[in-house]
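As structure tokens, the structure follows; a few thoughts come after it.
Here is the naming used below: chain letters follow the sequence lines, and residue numbers restart at 1 for every chain.
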Amino acid sequence: MTTDRYNSREAEPRWRKVWDAQGIFATRNDDPRPKYYVLEMFPYPSGRIHMGHVRNYTMGDVVARYKRAMGFNVLHPMGWDAFGMPAENAAMAQKVHPKAWTYDNIAAMKKQLQSMGLSLDWAREFATCDPSYYKHQQKMFLDFLKAGLVERKQSKVNWDPVDQTVLANEQVIDGRGWRSGALVEQRELTQWFFRISDCAQDLLEEIDRLERWPDKVRTMQRNWIGRSEGLLVRFALDPKTAPNGETELEIFTTRHDTLFGAKFMALSPDHPLSLAAAKKNPKLAAFIAECKKIGTAQEAIEKAEKLGFDTGIRAIHPFDPDWRLPVYVANFILMDYGTGAIFGCPAHDQRDLDFVNKYRLGNVPVVCPPGQDPKTFVITDVAFDGDGTMINSRFLDGMTIDEAKEEVARRLENTFVPFDGRPYLSPPAGRGRPPEQSEGGQVRGSSRDSEPAETPPHPDPLPASGEREANRPVGRRQVNFRLRDWGISRQRYWGCPIPVIHCETCGVVPVPDKDLPVTLPDDIDFDKPGNPLDRHPAWKHVACPQCGKAARRETDTMDTFVDSSWYFARFTDPWRTDTPTDRAMVDAWLPVDQYIGGIEHAILHLLYSRFFTRAMMKTGHIGMKEPFAGLFTQGMVVHETYRRPGGEWVIPAEVRIETIGDQRRATLAATGEPIEIGGIEKMSKSKKNTVDPDDIIESFGTDTARWFMLSDSPPDRDVIWTEEGVQGAWRFVQRLWRLVGETAEIGKAAPAARPAAFGADALAVRKAAHKALARVSEDIEKLRFNRCIAHIYECANAMSGAIGDIDAPARVTPDLAFAMKEAADILVRLFAPMMPHLAEECWAALGHQTLVSLQPWPKLEESLLVEDTVTLPVQVNGKKRADVTVARDAANADIEAAVLTLDAVKRALDGKAPKKVIVVPHRIVNVVA
RNA sequence: GCGGACGUGGCGGAAUGGUAGACGCAAGGGACUUAAAAUCCCUUGGGAGCAAUCCCGUGAGGGUUCGAGUCCCUCCGUCCGCACCA
């Protein structure tokens, strides 16, 4: 019928127009079919899509199109994660307004995405910077505030004194701001926090039920939450040695079994007792100041030597009133974990051992490894943290570690020492408590923290009465989490305004619902450092909604992770204006059946979304707590790098590669200058190893790009973009087009009704097609796209082979013609999810009047997968020697007899009788000599 | 340091404990062509042999098993995440 080349440039836009005109990808909320929600992580509108987007959105589109063919009502939406720093950076660098920059980028990227032919419901599109979106986010913030899920507290931040802004840890490079180069300071700022740590236990437990998540991500989240079970222990202090006569110090430990190996106590430099002692000791104050200089830079912390300073304070061992322990301030103790204080057992903790070896405090081993003689067991440079038997530990001697922990906990829980006065420090609120102890329903943010300046850094949740204090036991079991509360305040313009008003009289007052959204002012400037909202002449000045007096708006905006923590819920009914979600819709569509995105979001985005969904459930906006039932993390797109011998990177488009024998050689296409071929790395602007999707789509069409993105590597691994690979995909596009053309010609001889019998060659074609169908279906379900593609190649190869065997037109019998047409109809539908435009063109060429995008998935004939005879490999002692073909239902004894007559088997047995013959039906025969 | 993943031809990669190398790329040979491109056919893990066929082979070494790329142990290497979390 046709031997023309397939013209993707002409065909692809034509089919997209047809899809658009018929609106076939619009999803109705009232469709009665079973739902399927497939979502790819929405993009940041940087201005152009990159190959990573092509890969991500192609995978999602394959799933969407397949599930649609399987009869599901598929929701496959797209939007924009549109707030964030790059817009402000662009504003500063190019004098464009963040809003204009963002919406221009969205328009450009939308055009690019549309050229990919993705089966998206664009009617549901929104950007998180649309006031119609963030209005609801502000409403939920206020709901969360009311529900006790939000609080305001002080927290340390990286402050850039030049830019007058807060920096994320990754923006601090060698202790300096990434933009200004100024030395970064540690500042205490009052900020808004989501109380995610209250959910730590639940977030951890539910990970077990996220069965369709990668184990890797589940492990990462578990580690991030970091649950540990331990004991809070109150050490009495010798009041004569304490700066203000303090009487106790509370520490957290998970190794209470090693209490008899204690050599010292250590406090964080930020611990109140450290600060109190420093007031009376200038040298200590200087030491603490030195500790703070190290800052938060990752590397500095890693390399820092363990340093301490003896405060002169002495603590009393809980099991021995005569045992005094020196209290140090040490630079490696974190204030925001546990109580900010520890006891040091050097023999069984490397950090503590390093510390005592420096300050010559000695060590006593209290756990003896199996097989070691306790009398000679000593620790010098390497702490022992394995399992063993307790020694040198009085009543614990001979116990296992677990028994000792239990015994110590039991004894200290039942010990009540009459401390006279308040404990020096109790665990900070908001962490370190089992969730069931948290008080729910209280409006923390507005009630307690109305005067931010007076908020104590670590409010004491325990009653102050001395009587109750005396009744507290010395030890208390405690579950601690590494997970910190989620600080959402950002001193930025381009983010969702936090909808509260600060009033001198009334404190923190929520913006009334009727005044939502609090919108960003447009007339801002980026000429000066700092937050443009804060220095805007008018925006922040408002009347207090409660008392009417002059008040000021909160000028901080929300972390952009908040925006992306519920967009998936909004997609279910984005048109709704009065509430964030329609409960019927959101509960029907969620959870997302298949979420697809990059591994870089394994922790923060996914954990925040899980928390946010719980918070929405508590405030009635949704009926479940887990938003994503299935998660898939795809690998990156990587590419070879090229550079001039001088060192300057060169983009792939300018490089010509030649292959001479096994050697690859690169030259600059324009000048012939030699180019060095470097390593294969993630596509990045700095290494210039990027390939522009637009260029590929322009020259080969989007179907070729989509096919190649799926074909070469398992989807969860990195894929190497190569020119040869794209060429291969392009050749296959043309080959399919020719194959379908030839098949359509042959198919003209097909009878309308299915023949009663098929000849051998016709049957072989049918078997190949149905085998491919079975395998492609299974592999799409499991997102193994690279294998789907191999099966499609096999099917095409089988059909080409059948055509090649036809040496004269007369050989085309009606049954073969029918089989070929049937196979082509199956083949086209198999690759339609991957290459939808080519599939439409082929479907039409096969004489169909319908759209392949609307066709049901082909129906499998199971009987074609079953062979009458099976060919079994025959092994002798596990080595393959021959094949034997037997009837499918042959008895094992018959197979055994047949195998023993084979020449190869006789030869291998060398005349001896076999010891045993193992027949695994339909699988293999193994003769044991 | 802790945790996790991975290691298979020249390359990307296949393989419910059951024929290792599917499928693709690259390479070599051939057909068609004045020639090239495109297309089609053949070969392609290593070694021995004219051949039938045989030997070796999934990072290294052990083990379990009739049978191990796959399961277990030790080691080596690569990658990723977390990192002074008491």
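- Taking atom NE2 on H348(A) and atom P on rG1(B), their separation rounds to 20 Å, with Å as the unit.
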Determine, for nucleotides 53-61 of chain B in 5'-to-3' order, which nucleotides have protein heavy atoms under 4.0 Å from the base (write B), from only the sugar-phosphate (write S), or from neither (write -).
SSSS-----
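- Of the two residues near RNA chain B, E794(A) and L334(A), the one whose nearest nucleotide lies more 5' is E794(A).
- In this entry the distance linking CZ of R482(A) with P of rC84(B) reads 9 Å, nearest Å.
- Distances were taken from every side-chain heavy atom of S713(A) (C-beta onward) to each of rA83(B), rG12(B), rU39(B); the shortest belongs to rG12(B).
- For T869(A), there are no side-chain hydrogen bond (donor to acceptor under 3.5 Å, both in side chains) partners, not counting sequence neighbours.
- Listed candidates were rC23(B), rA86(B), rG3(B). Nearest to the side chain of N223(A) is rG3(B).
- Protein atom CG of D716(A) is 12 Å distant from nucleotide atom C1' of rG13(B), rounded to whole Å.
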Determine whether F732(A) and Y793(A) satisfy the following criterion, ring-ring contact (aromatic ring centres under 6.0 Å, His included), listing intermediate values before the conclusion.
CA-CA 9 Å; F732(A) 189 58; Y793(A) 268 109; 4.1 Å; yes
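- Other residues, nucleotides and ligands place no more than 12 heavy atoms under 6.0 Å from the NZ atom of K682(A).
- A salt bridge links E778(A) to K782(A): one of the charged nitrogens lies within less than 4.0 Å of a carboxylate oxygen.
- Looking only at atom types and distance, the side chain of S197(A) has a donor-acceptor partner in the side chain of D485(A) under 3.5 Å away.
- Rounded to whole Å, the distance from CG on D718(A) to C1' on rC11(B) is 16 Å.
- R717(A) comes within 4.0 angstrom of the backbone, heavy atoms only, and of no base.
- Counting non-hydrogen atoms under 4.0 angstrom, L872(A) reaches nothing in the nucleic acid.
- Regarding R484(A), its CZ atom lies at a distance of 9 Å from the P atom of rA83(B), rounded to whole Å.
- Regarding F708(A), its CZ atom lies at a distance of 9 Å from the C1' atom of rC25(B), rounded to whole Å.
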Dot-bracket summary - RNA chain B, pairs being Watson-Crick or G-U whose distances fall under 3.5 Å, with | when paired to another strand:
(((((((..(((.....[....))).(((((.......))))).((((....))))..(((((..]....))))))))))))....
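- In this structure, L353(A) atom CG and rC84(B) atom C1' are separated by 14 Å, rounded to whole Å.
- Inspection of the Q201(A) and R227(A) side chains reveals an N or O donor paired with an N or O acceptor under 3.5 Å.
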Using a cutoff of under 3.5 Å, can you pull out all pairs of nitrogen or oxygen atoms linking the protein to nucleotides 65-68 of chain B, with atom names and distances?
residue, atom, partner, partner atom, Å
rC66(B), O2', N926(A), ND2, 3.2
rC66(B), O2, N926(A), ND2, 2.7

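- In this structure, S228(A) reaches the sugar-phosphate backbone alone: every heavy-atom distance under 4.0 Å involves primed, P, OP1 or OP2 atoms, never a base.
- No contact: D215(A) has no heavy atom under 4.0 Å from any strand.
- R656(A) meets the salt bridge (Lys or Arg N to Asp or Glu O under 4.0 Å) test with no other residue; sequence neighbours excluded.
- A salt bridge links K767(A) to E867(A): one of the charged nitrogens lies within less than 4.0 Å of a carboxylate oxygen.
- Mapping R923(A) and I789(A) onto RNA chain B by nearest heavy atom places R923(A) at the nucleotide closer to the 5' end.
- With P as the reference atom, rA51(B) and rG46(B) are 16 Å apart, rounded to whole Å.
- Rounded to a whole angstrom, the distance from the P atom of rA86(B) to that of rA5(B) is 22 Å.
- Residues that satisfy the side-chain hydrogen bond (donor to acceptor under 3.5 Å, both in side chains) test with W224(A), not counting sequence neighbours, are absent from this structure.
- Within the 4.0 angstrom heavy-atom criterion, only backbone atoms of the sugar-phosphate kind lie near T254(A); the bases stay farther away.
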